[in-house]
*Asks:* 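Below is a structure I'd like to ask you about.
Just so it is clear: chains get the letters A, B, ... in the order the sequence lines come, proteins before strands, and each one is counted from 1. Owing to the predicted nature of the structure, the values given are computational and were not obtained by experimental measurement.
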Number of protein chains: 2
Amino acid sequence: MTEITNNRFEHLLDLHHLKKTGPRLKVLAMMSAKNTATSQPDLEGLMEDVDRVTLYRILNVFEEKGIIHKIFDLNGTANYAICTSNCQEHLHHDEHLHFNCIVCNKVYCLNDLSLPAFNLPPGFKADGFTLYASGTCPQCNRK
Amino acid sequence: MTEITNNRFEHLLDLHHLKKTGPRLKVLAMMSAKNTATSQPDLEGLMEDVDRVTLYRILNVFEEKGIIHKIFDLNGTANYAICTSNCQEHLHHDEHLHFNCIVCNKVYCLNDLSLPAFNLPPGFKADGFTLYASGTCPQCNRK
DNA sequence: AAATTAAATGCATCATAGTTGCATTTGTGA
DNA sequence: TCACAAATGCAACTATGATGCATTTAATTT
Ligand SMILES: [Mn+2]
Ligand SMILES: [Mn+2]
Ligand SMILES: [Zn+2]
Ligand SMILES: [Zn+2]
């Protein structure tokens with residue numbers, strides 16, 4: 001993790017009026033080090049010296065602030081990924097494709113993919129949507 | 001519940017070589033009596049005299065056989081709905097829109113809505129997908 | 001109709017995910 | 001450096017879901 005990356009995280013915490021603490025910076029470092037979402041169990045393993053409860057509280061406040069978003073995978077396990085843009089406090093815009101590999105179980109946030117338009121039956125009013133796909137990821141296809 | 005409906009369920013269990021037991025027929029009756037998916041906690045409440053574990057086992061075997069499918073709502077709670085068609089053992093085709101109301105929390109299976117096509121980045125191979133939308137449902141919009 | 005048997009259920013127990021209350025510590029602004 | 005709100009840690013608790021094993025029961029065979 002570079003100095004400049006760490007500064008970016010500190011700035012991010014500042015922006016949201018959150019104290020720059022070790023556990024919080026570590027969560028951001030862990031999550032940003034990967035190109036996929038991180039499951040809660042994995043994260044708990046990575047954050048060894050940090051209390052479980054503290055981790056839950058960090059994840060909750062980060063989600064509320066629009067720093068990260070939560071994705072439930074095929075097994076109902078919570079996964080977390082850093083929001084790339086547009087997300088604000090209590091107003092997420094994570095309308096991208098989430099790809100869940102059925103081999104390695106990884107969840108990919110495919111932000112660049114624009115979702116096609118669709119319409120709802122009368123009476124329904126949508127304010128958010130997500131497309132989930134499941135299958136095999138590039139890594140697992142190669143083998 | 002009509003006689004003919006009950007017969008349909010018994011036939012369904014026969015088809016999948018499952019014994020026609022009280023708990024199983026009750027699960028099917030409860031789920032088919034609604035136009036939305038049923039959450040696991042709700043189902044557990046409805047199945048009072050049936051053991052929790054039995055309910056889990058029924059839900060698991062029904063899902064395996066392609067009789068019902070599982071949808072996780074915004075809170076990560078498991079919801080179940082009867083499959084309308086096309087689903088087979090270990091091969092679900094529930095590629096429809098799931099609408100999660102943020103007021104009443106209900107999950108609607110909008111089977112009739114055809115999903116628009118989309119394409120994946122190179123290397124990804126999808127074998128299933130679901131579109132999730134969240135917002136307010138017709139009932140909750142009326143108030 | 002009675003016996004047989006695999007399948008299904010119930011009960012005890014366990015594991016994991018997530019929450020809450022409260023005491024202690026720590027980051028930050030004065 | 002002081003004061004204080006915010007953050008963390010610890011204990012305890014709830015909820016969801018799984019597993020092992022004894023008992024019951026639906027479906028098949030005699
Ligand atoms: Mn995402
Ligand atoms: Mn559905
Ligand atoms: Zn994979
Ligand atoms: Zn509603």
*Asks:* Go through the structure and list residues passing side-chain hydrogen bond (donor to acceptor under 3.5 Å, both in side chains) with A:D112, not counting sequence neighbours.
*Replies:*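 With sequence neighbours excluded, A:D112 shows a side-chain hydrogen bond (donor to acceptor under 3.5 Å, both in side chains) to no residue whatsoever.
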*Asks:* Taking heavy atoms of chain A and a 4.0 Å limit, find me the 5'-most and 3'-most nucleotide of DNA chain C within that range.
*Replies:*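 Endpoints of the contacted stretch of DNA chain C: C:dA17 to C:dT28.
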*Asks:* Would you indicate, yes or no, if D:dG9 has its OP1 or OP2 atom less than 4.0 angstrom from a side-chain nitrogen or oxygen of A:R52?
*Replies:*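 It does not, given that no N or O in the side chain of A:R52 lies less than 4.0 Å from OP1 or OP2 of D:dG9.
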*Asks:* State which residues pass side-chain contact (heavy atoms from CB on, under 4.5 Å) with B:D14; sequence neighbours excluded, sorted by chain then number.
*Replies:*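 B:D14: side-chain contact (heavy atoms from CB on, under 4.5 Å) contacts with B:K20.
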*Asks:* Using side-chain contact (heavy atoms from CB on, under 4.5 Å) as the criterion, list what pairs up with B:A33, not counting sequence neighbours.
*Replies:*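 Per chain and number, B:A33 pairs via side-chain contact (heavy atoms from CB on, under 4.5 Å) with no residue.
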*Asks:* Using heavy atoms and a sub-4.0 Å distance, could you list which residues of residues 36-43 of chain A are near DNA chain C? By number, please.
*Replies:*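 Those residues are A:Q40, A:P41.
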*Asks:* Could you check B:F72 against A:T54 and say which one's nearest nucleotide on DNA chain D is further toward the 5' end?
*Replies:*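 The answer here is A:T54.
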*Asks:* Generate the contact string for nucleotides 25-30 of chain D. Rules: B means base contact, S means sugar-phosphate contact only, - means no protein heavy atom under 4.0 Å.
*Replies:* BBS---
*Asks:* With each end axis built from five pairs of C1' atoms, what bend angle do you get for the helix from C:dA1-D:dT30 to C:dA30-D:dT1? Round to 10°.
*Replies:*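 Taking five pairs per end, the axes differ by 30°.
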*Asks:* What pairs with A:F129 under ring pair (Phe, Tyr, Trp, His ring centres under 6.0 Å), at least two apart in sequence or on another chain?
*Replies:*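 With sequence neighbours excluded, A:F129 shows a ring pair (Phe, Tyr, Trp, His ring centres under 6.0 Å) to A:F118, given in chain and number order.
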*Asks:* For B:L55 and B:V50, work out which heavy atoms get closest and say how close.
*Replies:*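 Distance-wise, the nearest heavy atoms are N-CG1, 4.4 Å.
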*Asks:* Provide the full list of side chain to side chain donor-acceptor pair (under 3.5 Å) pairs with a residue in residues 53-62 of chain A, sequence neighbours left out, each pair given once.
*Replies:*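 For residues 53-62 of chain A, and leaving out neighbouring residues, the side chain to side chain donor-acceptor pair (under 3.5 Å) pairs sorted by first residue read A:Q40-A:Y56.
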*Asks:* Going by side-chain contact (heavy atoms from CB on, under 4.5 Å), name the residues that satisfy it together with A:K106, two or more places apart in sequence or in a different chain.
*Replies:*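 In terms of side-chain contact (heavy atoms from CB on, under 4.5 Å), with neighbours along the sequence ignored, A:K106 is linked to A:T36, A:C104, A:Y108, A:Q139.
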*Asks:* Name all residues meeting the side-chain contact (heavy atoms from CB on, under 4.5 Å) criterion together with B:S134; count only those two or more places apart in sequence or in a different chain, and write none if there are none.
*Replies:*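 Testing B:S134 for side-chain contact (heavy atoms from CB on, under 4.5 Å), a comparison that skips the adjacent residues, returns A:D127, B:L74, B:I102.
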*Asks:* Show every salt bridge (Lys or Arg N to Asp or Glu O under 4.0 Å) that has at least one partner inside residues 39-51 of chain A, sequence neighbours left out.
*Replies:*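 Every salt bridge (Lys or Arg N to Asp or Glu O under 4.0 Å) pair that includes a residue of residues 39-51 of chain A, provided the two are not neighbours, is A:K26-A:D49, A:E44-A:R52.
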*Asks:* Is B:R57 touching bases, backbone alone, or none of the nucleic acid, heavy atoms closer than 4.0 Å?
*Replies:*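 It contacts base atoms.
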